[in-house]
Amino acid sequence: MTWKQCDYTGWGRVYHARGELARPERASALARIASQTPCPAIGQRRSYADGCLNDGGRALLTERLDRFLGFEEETGLLEVESGCKLADIVTHFGRRGWLPAVLPGTGFATVGGAIGMDVHGKNHHHVGSFGQHVESLTLALPDGPREVAPGDPLFAATIGGLGQTGPIIRATLRMQKIRGDVMMVTERRIPDLASYFDHLDASQATYTVGWIDATARGAALGRGILEEGETGPGLVPPAKRGTRVPLDAPHAALSGPVVRSFNAAYFRRVPERGRTVVKPLEDFFFPLDKIHDWNRLYGKRGFHQFQCVVPLAEREILRAMLKDVGTAGLASPLAVIKRMGAGRGGMMSFPTEGYTLAIDFPARAEAPEMIRRLIAMCFEAGGRVYLAKDAFAEASQMDAMYPERAEWAGILHSIDPGEAYATDLVRRLSLRSLP
Amino acid sequence: MTDTARETWLILGATSSMARALARKLAGRGATLLLAGRDMEDLEATAADCTARGATSAEAIRFDARDPESFPPILARMQALGGTPNAAVFVGSMPPQVEIDDDPAMLDGVVADSFTGPARLLHGLAPLLEAAGAGTIVGVSSVAGDRGRLGNYVYGAAKSGFTTYMSGLRNRLGRAGAHAITVKPGFVDTGMTWGLDGMFLVASPEAVADTILKSVSKRRNVVYTPFFWRYIMMIIRAVPEPIFRKLSI
């Protein structure tokens, strides 16, 4: 059978959808579905909210189309099917001295998803976003496959394009040569936000990311641990296979006092003078993937992630955000700060030069209001929220946050006037409305 | 490394997700792969995937269970590739029983796909294993072959024939130092079962592939996967006929 009625959710497990899903196992089956019943493609559903949902409609799962189609050692070009998981690429090509140029925080994301969200990684300040390293890709349009490459408006509409240009069949990635398949990671404590900005600005490392204690207040506001990583030759035991979270955790597991003490301990884990540790690639890039289904730690009601980027000059707004979050006592241990470069691959790409802050919140009753306040602050500062994670932004905020949105919607109208590829996210934020 | 230390695997029906999972795992340990099936475009993609994952070589070749003309080139290619010859058979077709009831001519195709086609090819391959005095043939049959049931007894009958063939082949190959394994999967999460009602205890294609490789190294004879299907089928076979004929399971 082609279609199966399924209930599914985004990674945060707050938004739900019910609809028919197809899971083609061959490119020819994908092409047939794409021409007869066009619908959005979804990968591993690692978008947090409704970017990977089509409630009441159909969608296409790419997970069985996950093959490596060819790799050229001379050029570093890797052609893969869109359902290929990034961790699979890291595992097989890392030991051969190659990595995808950009890796997000989870290796479970697919290549198709990484393109559709134009994901960024810990090296964004040097190499830009995922889409900037895509040589070409092939879309399954209703009238047949179409290969697009940089320079083609449809390519710019596809990178970061939230899947709105149709299912991606395959893509060719420009991989990056690495010095060895081991990560050398320097971790140091950062006492407060001002110091964080200084360290992020000064960091010359290939990979830089900061964990931030979103529960800290007063003088410790903005404290955290800065991680700087370089690849190198060496020997470490291979990454261990993951464990599963067997059941939904009770809500008390992430209550305010628990998170505060966890964060304090996590901060002190790194000695005061810092340290350098050696890790397998997977452990550095995908720290949470070892715990499969970690989203269940947030319990049945799920969680939200807020992520924004604000211009360099507006960085003090992050202080206001952290103050608000610290006072509300809602944050979870997962919070990340990073300085981004200017690199972005498409019209709707999230990355832009500035500071990005990401914080997880258990989906308690107070969470929506809290996150809406943060979105408003981001909006006032001329920043934008990441649509792969957004749950509460408003349609009226989109044109300021994503200035090319209307032009993008125009391109989409020419290939998909019936909005067959629309997802719940696209409808919620009226992203495809024409001027 | 001697030539026989290198393993060569013929995968019949290599477009199925179970076959693909097995091919990947074999590629990971450096096997030489010959991927046979009808959808050449898909086979080429799997061959490329296996090459990237470490196969010594991986190539696609046309195999149509209903077209015996497609068999000799496969046997010739296996001979030419050398190494210890092995094969894994994943072919078969399971049209809904009601369609066969409407068009009895479909029965021939089901039997050719699931039994006579692969059996005839394996009959040509067996001498290669006998000559090598090594190698394993894995025949993926089905629990459906253990007893004829209302829902799919034509498919079941063909698989039952294939199971019996595999049993005889094991008897024959064992005398020469080679081996044959009958694998009987229960429900597997493939394109064939996607969206079907009444699926339970569904196994992933990767889990089936793992079971197959383990069974090869342990020289098992008849393997149910997941294992508990052996007991489920034991019960189903034990139901007395007067009662069984009234059941619709």
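Keep in mind that this is a model prediction, so the values were computed, not measured. In what follows, chains are A, B, ... by sequence order, proteins preceding strands, each numbered from 1.
- Within a 6.0 Å sphere centred on CG of L235(A), other residues, nucleotides and ligands contribute 12 heavy atoms or fewer.
- Around CD of E72(A), the count of heavy atoms belonging to other residues, nucleotides or ligands within 6.0 Å exceeds 12.
- Enclosure of atom NZ in K218(B) is not indicated, since only 12 or fewer non-hydrogen atoms of other residues, nucleotides or ligands lie within 6.0 angstrom.
- Enclosure of atom CD in E73(A) by more than 12 non-hydrogen atoms of other residues, nucleotides or ligands within 6.0 angstrom is indicated.
- Ranked by heavy-atom pairs under 4.5 Å with chain A, the first of G28(B), A45(B), A52(B) is A45(B).
- Within 6.0 Å of OH on Y153(B) lie no more than 12 heavy atoms contributed by other residues, nucleotides or ligands.
- Checking side-chain atoms of E25(A) against main-chain N and O of G191(B) turns up a donor-acceptor pair under 3.5 Å.
- Within residues 55-67 of chain B, no residue has any heavy atom less than 4.5 Å from a heavy atom of chain A.
- Counting heavy-atom pairs closer than 4.5 Å to chain A, the top residue among T15(B), D189(B), T46(B) is D189(B).
- Both the backbone and the side chain of D66(A) come within contact range of chain B, with heavy atoms under 4.5 Å apart.
- In summary, R13(A) and D293(A) do not engage in a salt bridge, as defined by a charged side-chain N under 4.0 Å from a carboxylate O.
- Residue I89(A): no heavy atom, backbone or side chain, is found under 4.5 Å from chain B.
- In this structure, no portion of L78(A) lies under 4.5 Å from any heavy atom of chain B.
- Taking non-hydrogen atoms and a 4.5 Å limit, the residue list of residues 110-119 of chain B in contact with chain A is empty.
- The existence of a salt bridge linking D181(A) and R95(A) is excluded, since no basic side-chain nitrogen approaches an acidic carboxylate oxygen closer than 4.0 Å.
- Taking R96(A), R64(A), E81(A) one by one and counting their heavy-atom pairs under 4.5 Å with chain B, the maximum is reached by R64(A).
- Although no hydrogens or angles enter the test, the distance criterion places no donor-acceptor pair under 3.5 Å between the side chain of R24(B) and the main chain of D49(B).
- Residues S215(B) and V183(B) fail the side-chain proximity criterion, which asks for heavy atoms closer than 4.5 Å.
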**Prompt:** Given the rule in the salt bridge (Lys or Arg N to Asp or Glu O under 4.0 Å) test, do R45(A) and E63(A) qualify, once you have shown the distances and angles that lead to the verdict?
**Reply:** CA-CA 10 Å; R45(A) 282 154 283 161; E63(A) 62 196 55; 3.7 Å; yes
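- Side-chain atoms of R46(A) do not come within 3.5 Å of backbone N or O of T110(A) as any donor-acceptor pair.
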